[in-house]
Amino acid sequence: MLKNAIKVLSLVVVVMTFSSCGYNSMVSYDEEVAAKWGNVQNSYQRRADLVPNLVETVKGAANMEKEILTEVTNARARATGVSIDPSNITPEALQKFEAAQSGLGGSLSRLLVSVERYPEIKSNRNFVDLQRQLEGTENRIKVSRDEYNEAAKHYNSYVRSFPKNLYAGMFGFGRKPYFEAAQGAEN
């Protein structure tokens, strides 16, 4: 009887040792995904922070269509209103986040195209500086999204590989979604 208890206890210790190592790594990879997600949000927030200055510069330099400026302002409000808890990034939440951010990106593109009709805005130093910052921010967004996807790939590979996949579900470690190209981007 004592021998059986020792065998069972030894087996429990071995299982706990292996699961603990896997668990700690899952936590580490999960934290990496959360950190990369924070960088994504920071990049998008930087873009959102530039919008009011851009709108004011354009509004002050030209008497352009108010509907474009209103559209940009509303798109910014929608984009900043969507946030995702990094511990619970779901494909649906990510899709909603992407849609809001795409709406802002599209509105900004329309604004910049409409500015082409106003040479005095294009020569405005403040506008040129804001446009340059916006371009740099768009590059940051792309890099942040790529880094997030890479961290999600490592995490997903880890939690889906055997034998870690046996513990992952027990401890609540599910797959993380990826950023994907917008529909029609291939065209």
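Since this is a predicted model, take the numbers as computed values, not measurements.
- Salt bridge status for Lys153 with Glu150: present, with a side-chain N to carboxylate O gap under 4.0 Å.
- With sequence neighbours excluded, the residues that form a side chain to side chain contact (heavy atoms under 4.5 Å, CB included) with Thr137 are Arg46, Arg47, Leu50, Ile141.
- The structure places CG of Asp30 at 12.0 Å from OG of Ser25, a figure rounded to the nearest 0.5 Å.
- Under a 3.5 Å cut-off, the side chain of Tyr155 and the backbone N or O of Gly174 do form a donor-acceptor pair.
- Open room surrounds CD on Gln95; 12 or fewer heavy atoms of other groups in view lie less than 6.0 Å from it.
- Side-chain contact, Glu120 with Asn124: no donor N or O sits under 3.5 Å from an acceptor N or O.
- Minimum interatomic distance between Ile84 and Ala93 (heavy atoms only, all atoms of both residues): CD1-O, 3.3 Å.
- There is no path of hydrophobic side-chain contacts, each under 4.5 Å, that joins Tyr178 to Phe97.
- In this structure, Asn156 contributes its side chain and Ala152 its backbone to a donor-acceptor pair below 3.5 Å.
- Partners of Asn42 according to the side-chain hydrogen bond (donor to acceptor under 3.5 Å, both in side chains) rule, which considers only residues two or more places apart in sequence or in another chain, do not exist here.
- Phe179 has its side chain within reach of Val40: a pair of non-hydrogen atoms, C-beta onward, lies under 4.5 Å apart.
- One finds the CG atom of Leu134 at 6.5 Å from the CG atom of Leu54 (value rounded to the nearest 0.5 Å).
- Ion pairing of Lys36 with Glu32 is present here, as a side-chain N (NZ or NE/NH1/NH2) and a carboxylate O approach within less than 4.0 Å.
- Between the side chain of Arg76 and the backbone N or O of Ala48, at least one donor-acceptor pair lies under 3.5 Å.
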Between side-chain atoms of residues 105-113 and protein atoms elsewhere (two or more places apart, or another chain), which donor-acceptor pairs fall under 3.5 Å?
from	atom 1	to	atom 2	distance (Å)
Ser107	OG	Glu71	OE2	3.1
Ser107	OG	Gly103	O	3.0
Ser109	OG	Gly105	O	3.1
Arg110	NE	Glu71	OE2	2.7
Arg110	NH1	Gly106	O	3.3
Arg110	NH2	Glu71	OE2	2.3

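- Atom-to-atom distance recorded for Ser87:OG and Lys176:NZ is 6.5 Å, nearest 0.5 angstrom.
- Using a 4.5 Å cut-off between side-chain heavy atoms of Ile, Leu, Val, Met, Phe, Trp and Tyr, with links allowed through other members, Trp37 and Val27 fall into the same hydrophobic cluster.
- The backbone N or O of His154 lies less than 3.5 Å from no partner atom in the side chain of Ser157, so there is not a single donor-acceptor pair.
- Both Tyr158 and Phe171 belong to a common hydrophobic cluster when Ile, Leu, Val, Met, Phe, Trp and Tyr are linked at side-chain heavy-atom distances under 4.5 angstrom.
- In this structure, Leu69 CG and Asn74 CG are separated by 11.0 Å, a value rounded to the nearest 0.5 Å.
- In this structure the side chain of Ile89 reaches within 4.5 angstrom of the side chain of Pro177, judged on heavy atoms.
- For Tyr23 and Phe173, the ring centers are positioned less than 6.0 Å apart.
- Atom-to-atom distance recorded for Arg175:CZ and Arg160:CZ is 4.5 Å, nearest 0.5 angstrom.
- What you find for Glu180 and Glu98 is that their closest heavy atoms are O-OE2, 3.2 Å.
- Electrostatic pairing of Arg125 and Asp129 does not count as a salt bridge here, judged by no charged N lying under 4.0 Å from a carboxylate O.
- The structure places CG of Asp85 at 10.5 Å from OG1 of Thr90, a figure rounded to the nearest 0.5 Å.
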